[in-house]
Amino acid sequence: MEQLLQQLSKSQQEAVLYNEGPSLIIAGAGSGKTRVLTYKIAYLLKNGISPYNILALTFTNKAAREMKSRIAQIMGEDIARRLWMGTFHSLFSRILRRNSDKIGFRSDFTVYDSQDSRNLIKAIIKECCLDDKIYKPSTIQSHISRVKNALITPKNYTLDRNLIEMDNQLKRGRTHEIYTTYWNRCKTSEVMDFDDLLLYTYLLFDGHREILEQYRNQFRFIMVDEYQDTNQVQHAIVRLLAADHRRVCVVGDDAQSIYSFRGAYIGNILNFRETYPESKLFKLEQNYRSTQMIVNAANSLIRKNKEQIYKTVYSEKIQGEKIKVIRTYSDYEEGYNVASLITEMRMLRQYEYKDFVILYRTNAQSRIFEEALRKINIPYKIYGGLSFYQRKEIKDVIAYMRLVINPNDEEALKRIINYPARGIGDTTLNKIIAAAGIHGVSLWEILSNPQDYNLNINSGTARKLSGFKELINSFRENNTSMNVYELGGSIIETVGLLSELYEDKTPEGLSHIQNINELMNSLYTFVSSRMEEGNTNIYTGDFLAEISLLTDQDTDKENENVNYVTMMTIHSAKGLEFKNVFVVGLEENLFPSERNRDKPKEMEEERRLFYVAITRAEENVILTYAKNRFSKGEFITTNPSRFINDIDPEYLHLPSDFSFKKPNNKIFGFESDPRPNFVQPGYYTNQRKLAQIETDKSDLITHHSIGNLTVGNTVKHERFGIGKIIELSGEKENAKAVIKFEALGTKQLLLKFAKFEIVK
DNA sequence: GGCCGGGGCATTTTT
DNA sequence: TGCCCCGGCC
């Protein structure tokens, strides 16, 4: 432990060592926040606290995974695995599944992503014959989300005079009805949306003292990462859990709060010391990432905000260069200049492509940079857009799986009841929906027993419905014996999803096939890696529970070999770092956004967004703006962003001093997309069959050697890399090896499935 | 059930 | 300007 602590600065150490009561760690950009959180947890573990008693909440799976693997390196895989560490949503959904009966759900409820919930809201608006210009689905959706974040159930909503009055003034008097219907429909569908996962957890704890007590006893230490991004429900749940022992440590940076539009409430962090008056405050003010110039410039910028916890971030790195500001005539030239500057910096100063990032306020800006980079053969990668699991063809497969697990899932059912086409059209569907509404049951219930509900359909339709029911039921039966990889293959085969796609010979069609292929690969990895670790959760429900809460960033395979310029919105750059950062489009009405022009609070958030952008940089920041730009179909003249003026000019290098060079036309290996591989029908179901897993755990006898393996052997694993065998145990089918991997700590693997070779 | 065309619209998106 | 959604038509 001493050794661990020595790797930390004085102020980091203090934050790690205090665990007696509530604490707030204000962690400036680049101040080693994750390191502190990781070491704090390791410190507790080294002092004999059971991992089971630690609750560590993050916002992204990626953050949780990174922290977990660092703890695994220090403490070993088996300890790290037992930590309650993960996103709010994933840990709470675990708690909800265990206690679902208390809130009137089945434990295998499915989860709506925001697209599903918007579709349902849209459907409800239509069914109520409301005008979707006045009741805009996306507006109603975010309204409902906000309301849920504020702990308001439909019942409370209807009783809330202010809310009702406000809706009336907005001429949206029936909003509460939509909310109530939406709520009930989700419930009969055995479905939760993202907000429900939080709100129901709150309701579970609030309404069931014995359960709250149980988790209070379990979670004796609570840590929350990125506290500035928590919303009201999250804050309230943490407060409930920590009310007795009060050992809650939150980490965050109010200066990086940029998600209020999604319900994040910066007040949670600003007022933490009022909520927990006895709390200790720690500040991590040394920035280990950026040059002094960048840190100073960022400080001078954020000082313009009123709402903040004051801190003095400093850097002891080299002074560095001033921030360059480039003005161009048009948006087109802006792209061209950034591209040529990248080329120039790469040639003259030995940077690689991956040392550059282009950050913008809106996704629409990416296009022009894409073109400019492509023109001079600079490899790039754009982040953003549809995530893997949002793609149509993937959602289709997943929808079948969702129905297998939960046939009451309304949106999943609507999605595939007639895909591929099986003659069940809108008319029939609407009858089913209407009947379900009248009887207060799920669509599946109506569809399975149309005669019981006097559904007015002809015999042909009845036959089609029962055919669909049989199809799903056959998968449901298979599901008890098949793992998710096998089930996925069987769905794709039986339903003919792939053959459907083979018809389409366009490039998009090919990429759809490629995506399904990719999905099957991820199912395969999911199943095989879990089998290897002796984890029996390989069935569809387990997979769905996991992927419903995954996003793009999680599926992204970090390929170290690829070297490209990154392009993304500033929002998605949070938490990342790059040597050189271009922040583009620094114009009034673009950044800051036009919509926040006269709103002081939002303007402060925009400024924080700019702060986040600048503090991503290790060495250079380049700001650009165009005097003229195409926007919404017209060429407009712009003014430079007020944010440029917010930075103290002593840290800036202004336009006239800057020269543009024509790019030379040398080709720098642009990497084209790999072409999709074709998969023959039958591939998934006939090949790569996975053995059934044995769950026998009786034999724990250890051995010096099994087969050709001996304790002390060095092995090379397909995914985990180099490691050393430290223990062998079990017989035949259940033979296991405990291997200490250089990068990931110890893991226990079932030899039957383990994919490694002996190195020596 | 699928395709085409017109109209409306257009931040940011950790789960 | 470009995309997405819906509605109408085949």
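Here is how names work: the chains are called A, B, and so on, in the same order as the sequence lines, proteins then strands, and each is numbered from 1. Computed from a predicted model, the values in this text were never measured in an experiment.
- Judged purely by distance below 3.5 Å, without hydrogens or angles, the side chains of A/Ser572 and A/Thr569 pair a donor atom with an acceptor atom.
- A/Thr87 has no side-chain polar atom (N or O) that falls below the 4.0 Å cut-off from OP1 or OP2 of B/dT14.
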With both pairing distances under 3.5 angstrom for Watson-Crick or G-U wobble, and | for a partner in another strand, the correct string for DNA chain C is ||||||||||
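- Here A/Asn363 does not reach the OP1 or OP2 of B/dT11: none of its side-chain N or O atoms lies under 4.0 Å away.
- Among residue pairs with one or both ends in residues 113-150 of chain A, those qualifying as ring pair (Phe, Tyr, Trp, His ring centres under 6.0 Å) are A/His143-A/Tyr157; sequence neighbours excluded.
- One can place CG of A/Asp195 at 14 Å from P of B/dT14, the figure rounded to the nearest angstrom.
- No contact: A/Asp113 has no heavy atom under 4.0 Å from any strand.
- When the P atom of B/dT15 is taken as reference, atom CD1 of A/Ile237 falls 17 Å away, rounded to whole Å.
- Of all nucleotides listed (B/dT14, B/dT13, B/dG1), B/dT14 comes nearest to the side chain of A/Thr60.
- Whole-Å rounding puts the A/Leu91 CG to B/dT15 C1' distance at 12 Å.
- Between the CZ atom of A/Arg608 and the P atom of B/dT11 there is a distance of 21 Å, rounded to whole Å.
- A centroid separation of 6.0 Å or more is found between the aromatic rings of A/His571 and A/Tyr383.
- Using modelled atom types and a 3.5 Å distance limit, the side chains of A/Glu334 and A/Tyr625 yield no donor-acceptor pair.
- Within the 4.0 Å cut-off from OP1 or OP2 of B/dG7, not a single side-chain nitrogen or oxygen of A/Lys133 is found.
- Regarding A/Asp132, its CG atom lies at a distance of 10 Å from the P atom of B/dC9, rounded to whole Å.
- Atoms OG and CD, on A/Ser257 and A/Glu605 in that order, are 5.0 Å from each other to the nearest 0.5 Å.
- Residues A/Lys574 and A/Gly425 both approach DNA chain B. Their nearest nucleotides, taken by heavy-atom distance, put A/Gly425 toward the 5′ side.
- Heavy-atom distances to DNA chain B give each of A/Ser90 and A/Ala364 a nearest nucleotide, and the one nearer the 5′ end belongs to A/Ala364.
- In the model, A/Asp225 has no side-chain atom that pairs as donor or acceptor with a side-chain atom of A/Thr58 under 3.5 Å.
- Note that CG of A/Leu151 and CG of A/Leu199 are 6.5 Å apart. Values are rounded to the nearest 0.5 Å.
- Between C/dC5 and B/dT12, the two P atoms lie 15 Å apart (nearest whole Å).
- A close approach under 4.0 Å does occur between a side-chain nitrogen or oxygen of A/Arg367 and OP1 or OP2 of C/dG2.
- Side-chain contact check for A/Gln141 versus A/Ser117: some heavy-atom pair is nearer than 4.5 Å.
- Contact check of residues 595-607 of chain A against DNA chain B (heavy atom, cut-off under 4.0 Å) returns A/Arg595, A/Asn596, A/Glu606.
- Listed pair A/Ser593 / B/dT12 fails the phosphate criterion, with no side-chain N or O lying under 4.0 Å from OP1 or OP2.
- By the stacking rule of 5.5 Å between ring centres and under 30° between planes, A/Phe261 stacks on the base of B/dT12.
- Between A/Phe194 atom CZ and B/dT15 atom P the separation is 8 Å, expressed in whole Å.
- Between the CD1 atom of A/Ile258 and the P atom of B/dT15 there is a distance of 13 Å, rounded to whole Å.
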From CA spacing to verdict: side-chain contact (heavy atoms from CB on, under 4.5 Å), A/Phe388, A/Leu519: CA-CA 9 Å; A/Phe388 183 71; A/Leu519 175 69; 4.1 Å; yes
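- Taking atom C1' on both B/dT11 and C/dC6, the two are 24 Å apart, rounded to the nearest angstrom.
- If you check distances only, the side chain of A/Arg262 does reach the base of B/dT15 with a donor-acceptor pair under 3.5 Å.
- Each of B/dT14, B/dA10, B/dT15 was ranked by its minimum atom distance to the side chain of A/His89; first place goes to B/dT15.
- Rounded to a whole Å, the CG atom of A/Leu57 is 13 Å from the C1' atom of B/dT15.
- A/Phe88 comes within 4.0 angstrom of nothing in the nucleic acid, heavy atoms only.
- Applying the 4.0 Å criterion to OP1 and OP2 of B/dT14, one finds that A/Asn61 has every side-chain N and O outside that range.
- Taking the charged nitrogens against the carboxylate oxygens, A/Arg361 and A/Glu606 do have a contact shorter than 4.0 Å, which makes a salt bridge.
- Atom OG in A/Ser641 sits 5.5 Å away from atom CD in A/Glu588 (nearest 0.5 Å).
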